[in-house]
Amino acid sequence: MALKVKAVERLVKFNKDDAGTYRYVMTPELYIALNQSKVIREAALRSGVSQGVMKACWDAAGEVIKAWATEGHSVALPGLGTMRFGLRAKSVEKVEDVKAGLISSRRIVFTPTQDLKNELAATAIQITCYDRDGEIVKRVTSADAGTVEDPEADNTGTDTGNGSSTGTDDNGSSQGSGSDDSGGKPNQGGTEEP
């Protein structure tokens, strides 16, 4: 099995006055979006329980995850990792300037398990290159290092000592997060693509 990526030749402009240059821009190529009923059907088949029971469990788990994540918990997703609330916000020098208006966006941060990261790192990547006219000009099987981004390990911020931490992204905005309720290491935000 391999992950499929497409590299499409596009006109890229770095500012509005720039004439631009053509560059090959890579994006993941998704097969199809799997709907909930297909996932439930497959999970029921693999577990040996009925689809009705699996759907009830799926719905209940979804409600619990949503409720706990929006209360600030880091919630385990079975076999996948954890999900938690995060944010992007501007940093300020003075405490009197701190206000909700500094928050530019709320985020959902997913942190994969080590097993999932290992599986992703070991999966080959097949790249199909398309020129500006949409014609296939090259196919490549990648031999990249298999580095998997980790929002927890890549954090550049420091622990504030109160169960939360803040990192700063490339545009000077901060990325805050909460801690899990196990008394362990605080969850830390990492830099993500916008």
Side-chain angles (χ1 to χ4, degrees), residues 3 5-6 10 12-16 18 23 25-30 33-36 39 57-121 123 125 144-194:
L3 296 170
V5 172
K6 58 184 175 184
R10 292 191 178 136
V12 177
K13 296 184 179 184
F14 295 100
N15 60 58
K16 63 181 180 180
D18 185 6
R23 296 182 178 228
V25 180
M26 289 199 285
T27 57
E29 200 171 316
L30 301 178
L34 297 176
N35 63 34
Q36 178 175 307
V39 176
C57 293
W58 176 281
D59 292 343
E63 288 301 314
V64 169
I65 290 167
K66 181 171 63 176
W68 285 354
T70 55
E71 287 175 4
H73 298 282
S74 177
V75 186
L77 303 177
L80 299 174
T82 59
M83 185 185 85
R84 64 176 170 78
F85 159 73
L87 56 84
R88 291 192 187 277
K90 293 180 182 174
S91 59
V92 290
E93 217 174 294
K94 300 176 183 173
V95 70
E96 56 267 20
D97 294 333
V98 175
K99 58 186 175 184
L102 296 171
I103 298 171
S104 57
S105 64
R106 302 176 187 199
R107 303 164 54 218
I108 295 171
V109 180
F110 170 70
T111 304
T113 62
Q114 191 60 50
D115 285 346
L116 185 57
K117 287 191 286 188
N118 292 345
E119 183 88 17
L120 182 58
T123 303
I125 294 181
D144 70 308
T147 304
V148 178
E149 182 180 290
D150 185 343
E152 302 299 330
D154 294 344
N155 179 52
T156 57
T158 55
D159 187 352
T160 60
N162 63 356
S164 65
S165 62
T166 304
T168 303
D169 65 15
D170 294 337
N171 64 9
S173 298
S174 65
Q175 303 163 41
S177 58
S179 65
D180 64 25
D181 60 348
S182 64
K185 175 182 137 187
N187 293 320
Q188 301 168 335
T191 302
E192 290 185 348
E193 291 181 74

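These values consider heavy atoms only, across backbone and side chains, with no hydrogens, waters or symmetry-generated copies.
- In terms of the side-chain contact (heavy atoms from CB on, under 4.5 Å) criterion, residue partners of Leu116 (sequence neighbours excluded) are, by chain and number, Leu80, Phe110, Pro112, Thr113.
- Residue Asp18 comes nearest to Asn15 through the heavy atom pair N-OD1, 2.9 Å, listed as atom of the first residue, atom of the second, then distance.
- In this structure, Leu77 and Met83 approach most closely via the heavy-atom pair CD1-CB, 4.0 Å.
- For the side chain to side chain donor-acceptor pair (under 3.5 Å) test, no residue two or more places apart in sequence or in another chain qualifies with Asp97.
- Between Ala121 and Gly146 the shortest heavy-atom distance is CB-O, 3.1 Å.
- Here the shortest heavy-atom pairing between Ser74 and Thr82 reads OG-CB, 3.5 Å.
- Here CD of Glu96 is found 10.0 Å from CD of Glu93. Values are rounded to the nearest 0.5 Å.
- Arg88 approaches Arg107 most closely through the heavy-atom pair CG-CD, 3.5 Å.
- Around CH2 of Trp68, the count of heavy atoms belonging to other residues, nucleotides or ligands within 6.0 Å does not exceed 12.
- Put simply, OG1 on Thr111 and CD on Glu149 are 10.0 Å apart, with the number rounded to the nearest 0.5 Å.
- Contacts of Arg106 classified as side-chain contact (heavy atoms from CB on, under 4.5 Å), with partners at least two apart in sequence or in another chain: Phe85.
- Qualifying side chain to side chain donor-acceptor pair (under 3.5 Å) partners for Glu29, counting only residues two or more places apart in sequence or in other chains: none.
- Evaluation of the side-chain contact (heavy atoms from CB on, under 4.5 Å) rule for Thr70 yields no partner, not counting sequence neighbours.
- Applying the side-chain contact (heavy atoms from CB on, under 4.5 Å) criterion to Gln114, with sequence neighbours excluded, gives Lys117, Asn118.
- Here the straight-line distance linking atom OG1 of Thr147 with atom CG of Leu120 works out to 10.5 Å at 0.5 Å rounding.
- Looking at every heavy atom in both residues, Val12 comes nearest to Phe14 through CG1-CZ, 4.0 Å.
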